[in-house]
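When a residue number appears, it is its place in the shown sequence, counting from 1. Only heavy atoms go into these numbers, but all of them, side chains included; no hydrogens, no water, no symmetry mates.
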Amino acid sequence: MKKKKKSFPKKPALVLTAAALLLVGSTVGSTRAALTYYSENYSAQMNMQSIGVSLLENDKVVSSRDYVSNNEWKGTSEGTLLTNLLGKDETFTPGKKYNEAISVKNSGTIDTFVRVIITKSWQDEEGNKNTYLSPDLIELNFLTANGWQVAKAQSTKERTVLYYTKAVAAGDTTPALSDTLRINPSIASDVTKHVTESEKGKTITYTYKYNGYTFHIDAEVDAVQTHNAKDAIKSAWGVDVNVSDDETTMSLQ
């Protein structure tokens, strides 16, 4: 990930981005997660303070990354997600709701505002994205009555952008932005019937539209310091927000 660096004297901002790729196949053994992190200093002069973010799944830290000093980081850059999604010898079942509570912890030492971008897609066995299969069938149930807000103007069927409207104090964890995950059972009814006739009679086969595909969820987390938050968020995220005078709450314009 590359971003153009900018200088905004006296308006310091640090950004930390975590991205997680969730790949769910027919077994948990095929589930993998790769997390990467990115930090950018938008100030020409500032006193460096520790900023950090952790991605939590069902109250367990999947991965975290914390800035220490002199471009040094601590924490893990890779983690495994959905390891407890299925029980022993259980196969994934469309229509069944699975616990999937995603939250963000401020693992740094300064207060921050956080944003999460969830992207859903279907991919074939070679990892190619299929834009004709509906990401709406990948149903991550979002919770927005606990401080999380969906930015509808920035969201699409494939991507959902969520902002936590309260400052997250150092060491604190946001409420979960989701609680369940399921694949809409209608994928089982999207089928084509094929009839082949031969000397032995008719042979009927069925081809499911989603056969051979896996669903993917990308979770990208950004943390921005609360100091001079309005300018910092504009610089880091490119959006205009309203921030309270005490810099403890924010809202989208």
Side-chain angles (χ1 to χ4, degrees), residues 1 17-28 30-35 55-58 62 80-86 90-104 114-165 174-194 206-222 237-239 252:
M1 182 183 295
T17 303
L21 174 64
L22 288 63
L23 170 59
V24 177
S26 59
T27 64
V28 177
S30 66
T31 301
R32 296 179 301 146
L35 287 86
L55 180 66
L56 277 66
E57 178 192 37
N58 298 327
V62 173
T80 302
L81 301 166
L82 304 180
T83 55
N84 298 314
L85 183 69
L86 304 180
E90 181 184 6
T91 58
F92 189 85
T93 305
K96 180 178 178 178
K97 292 183 178 180
Y98 296 89
N99 293 330
E100 188 60 22
I102 297 176
S103 56
V104 179
V114 297
R115 176 186 71 170
V116 176
I117 301 175
I118 301 291
T119 306
K120 303 179 297 182
S121 64
W122 294 91
Q123 295 184 19
D124 62 20
E125 296 176 353
E126 297 179 352
N128 298 313
K129 182 178 176 181
N130 188 314
T131 58
Y132 296 100
L133 301 181
S134 176
D136 285 342
L137 299 182
I138 306 168
E139 299 176 351
L140 187 62
N141 188 52
F142 294 113
L143 306 174
T144 57
N146 56 9
W148 286 100
Q149 179 180 357
V150 174
K152 294 182 179 180
Q154 302 171 35
S155 301
T156 63
K157 288 184 177 181
E158 186 176 281
R159 183 185 73 169
T160 303
V161 183
L162 303 99
Y163 293 83
Y164 188 59
T165 56
T174 69
L177 61 85
S178 63
D179 60 354
T180 61
L181 169 70
R182 81 162 191 162
I183 299 301
N184 193 295
S186 65
I187 65 170
S189 61
D190 199 339
V191 60
T192 302
K193 180 180 179 180
H194 303 274
Y206 297 89
T207 302
Y208 290 89
K209 184 177 180 180
Y210 289 80
N211 187 41
Y213 287 90
T214 55
F215 68 87
H216 289 240
I217 298 177
D218 288 318
E220 182 179 301
V221 184
D222 299 278
W237 298 341
V239 297
L252 300 176

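Annotation: side chain of Asn141 is not in contact with side chain of Leu181 (no heavy-atom distance under 4.5 Å). Contact annotation: the side chain of Ile183 never approaches that of Glu139 to less than 4.5 Å [non-hydrogen atoms, C-beta and beyond].
Of all heavy-atom pairs between Tyr164 and Asn146, the closest is CE1-O, 3.6 Å. Of all the heavy atoms in Ala176 and Leu143, the pair that sits closest is O-CD1, 3.6 Å. In terms of heavy atoms, Asn130 sits closest to Leu133 at OD1-N, 3.2 Å. Closest approach of Glu126 to Asp124, counting heavy atoms only: N-OD1, 2.9 Å. Shown here for Ser103 and Pro175, the closest heavy-atom pair between the two residues is CB-O, 3.9 Å. Listed here is the closest heavy atom pair of Trp237 and Val114: CH2-C, 3.8 Å.
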| Intermediate values then yes/no, side chain to side chain contact (heavy atoms under 4.5 Å, CB included), Ile117 and Arg159 | CA-CA 7 Å; Ile117 301 175; Arg159 183 185 73 169; 3.5 Å; yes
| field | Step-by-step side chain to side chain contact (heavy atoms under 4.5 Å, CB included) determination, Leu162 to Ile118 | value | CA-CA 8 Å; Leu162 303 99; Ile118 301 291; 4.1 Å; yes
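At a threshold of 4.0 Å, the pair Lys96-Glu90 counts as salt-bridged, since one of the basic side-chain nitrogens sits closer than that to a carboxylate oxygen. A salt bridge links Lys129 to Glu158: one of the charged nitrogens lies within less than 4.0 Å of a carboxylate oxygen.
Atom-to-atom distance recorded for Lys152:NZ and Thr160:OG1 is 11.5 Å, nearest 0.5 angstrom. In this structure, CH2 in Trp148 is found 9.5 Å from CD1 in Ile102, a value given to the nearest 0.5 Å. Separating the CG atom in Leu252 from the OH atom in Tyr163 is a distance of 6.0 Å, to the nearest 0.5 Å.
Between the side chain of Thr174 and the backbone N or O of Val104 there is at least one donor-acceptor pair closer than 3.5 Å. A side-chain donor-acceptor contact under 3.5 Å links Trp122 to the backbone of Ser134. Under the 3.5 Å distance criterion, the side-chain polar atoms of Thr180 are left unmatched by any main-chain donor or acceptor of Tyr98. A distance-only check finds a donor-acceptor pair linking the side chain of Lys120 to the backbone of Ile138 [under 3.5 Å]. A donor-acceptor contact shorter than 3.5 Å is absent between the side chain of Ser178 and the backbone of Leu140. Between the side chain of Arg115 and the backbone N or O of Glu220, no donor-acceptor pair lies under 3.5 Å.
Between the side chains of Asn99 and Asn58, no donor-acceptor pair of N or O atoms lies under 3.5 Å.
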